[in-house]
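As structure tokens, the structure follows; a few thoughts come after it.
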Amino acid sequence: MLGFKESLVQRIYLDHNATTPLLPAVIERLTEELREDFGNPSSVHHFGQQAKAAIDEARTNVANLIGADPSEVLFTSGGTEADNIALRGAAEAMEPTGKRHLVASPIEHEAVLNTLKALAKRGWRTTLLAADQTGILSTAMLRDALADDTALVSVMHANNEIGTIQPITELARAAHDRGALFHTDAVQSAGKIPVNVKTLGVDMLSMSAHKFYGPKGVGALWIRRGLRVLPLLTGGRQERSRRAGTENVTGIVGMGVAARIAAGKMADEGRRLAALRDRLEAGILRAVPGTAVNGSPEMRVPNTTNISFDRVEAESLLIALDLQGIAVSTGSACSSGTLEPSHVLKAMGFSAHRAQNSIRFSLGTSNTDAEIDRVIAVLPGIVDKLRSLTRTPARA
């Protein structure tokens, strides 16, 4: 009976910033790879070289997505490892120079923030910049924070919770003017909007395959040619001695296919998703009193909106929506299971109440006008019911 009832629920997935479903073409290529290319890419015989060729093709596809040279692309287990290699590897490589200062934004992913905390325990000095309620960082503020011993600045290209896009080109230029390196976490922008490492002017850039319809457990770090970054793992000479261990050939191949497809459809899909997002956003703001959008309404990726619902706990709203078949998020999937307010919204200066009553809607390739209209139709009733259960007065 449970299965029968479950089948009657129309499922609407609006949590694509957490992860995306595999594209059919990716599944097809993964299946082929698992069945046919089982060799170790370090082996010199036919089977090994066949696997190596598959990796090389994927590396080219990933490089093309971000305007890079394939030799500069390092495959990792995902965005978290890519961020760790960038921060730890660059910081440790520059340690002998006496540069032991690291700068980042306070709205970074935990992969960056917690790595900075770990480095701080080992003697690095860290600075987190201030963020305003647009979520966009000030280049002037970064210039003020830089010092002669600043080794590295890390600012994400697009925020995972509010979708805000940072002025990376200007920020990177400011860092370089003081002799610091610049890393950007592009996990939420690569595959959604044009990303070109040369235009951005960065030294390192992180990516994750499962954010643009590739498999989980694989990502990449672009490292500017000539930049010295110490490896986290020691062992064999895989990935040009930058990441030891037998490569995840299947995952890498899947990432390559997803990158190729993303590069080809990005412009049209971006316009479609932006229109859907705006339809959803306008419908919610019109139909539900006490709602507001968090972050910049202009400078953001096309698929993301973060909306606060006054006098409603986000966790309760998330559960109520899920019972209606609608999957959303309160923020980063990596922070699920905690009742703490969003560190992103808190850092932007919002009250703890607003940080706890905000929902992220992140759209993707399967979403339709009809799905958006259904969300707009059911949401007012859900919010009214939840508000009726509390007497908490309205707060700005």
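Just so you know, residue 1 is the first one in the sequence shown, and it goes up from there.
Ion pairing between a basic and an acidic side chain is recognised when a charged N comes within 4.0 Å of a carboxylate O; Arg88 and Asp83 show no such pairing. A salt bridge links Glu269 to Arg272: at least one charged side-chain nitrogen sits closer than 4.0 Å to a carboxylate oxygen. For the pair Arg300 and Glu281, the salt-bridge criterion is met [side-chain N within less than 4.0 Å of a carboxylate O]. Classification of Arg387 and Asp310 as a salt-bridged pair fails, no side-chain N sitting under 4.0 Å from a carboxylate O. In this structure, Glu72 does not pair ionically with Arg224, as no charged nitrogen and carboxylate oxygen lie closer than 4.0 Å. A salt bridge does not link Glu371 with Arg279: none of the charged nitrogens is closer than 4.0 Å to a carboxylate oxygen. Ion pairing between Glu81 and Arg243 holds under the 4.0 Å rule for side-chain N and carboxylate O.
For the side chain to side chain contact (heavy atoms under 4.5 Å, CB included) test with Val153, the passing option among Leu146, Asp203, Thr184 is Leu146; the others fail.
Checking side-chain atoms of Thr31 against main-chain N and O of Ile27 turns up a donor-acceptor pair under 3.5 Å. Side chain of Arg360 to backbone of Asn160: a donor-acceptor contact under 3.5 angstrom is found. In this structure, the side chain of Gln238 engages the main chain of Gly245 through a donor-acceptor pair within 3.5 Å.
In this structure, the separation between CG on Leu14 and CZ on Arg277 is 13.5 Å, given to the nearest 0.5 Å. A distance of 12.5 Å separates OG1 of Thr150 from CZ of Phe182, quoted to the nearest 0.5 Å.
Annotation: salt bridge (Lys or Arg N to Asp or Glu O under 4.0 Å) contacts involving residues 174-188, sequence neighbours excluded, comprise Arg143-Asp177, Asp148-Arg178.
For the pair Thr330/Glu315, a side-chain contact is recorded, criterion being any heavy-atom separation below 4.5 Å from C-beta on.
Residues that satisfy the side-chain hydrogen bond (donor to acceptor under 3.5 Å, both in side chains) test with Thr76, not counting sequence neighbours, are absent from this structure.
A cation-pi contact, defined as under 6.0 Å to the ring centre and within 45° of the axis, is absent between Lys192 and Tyr213.
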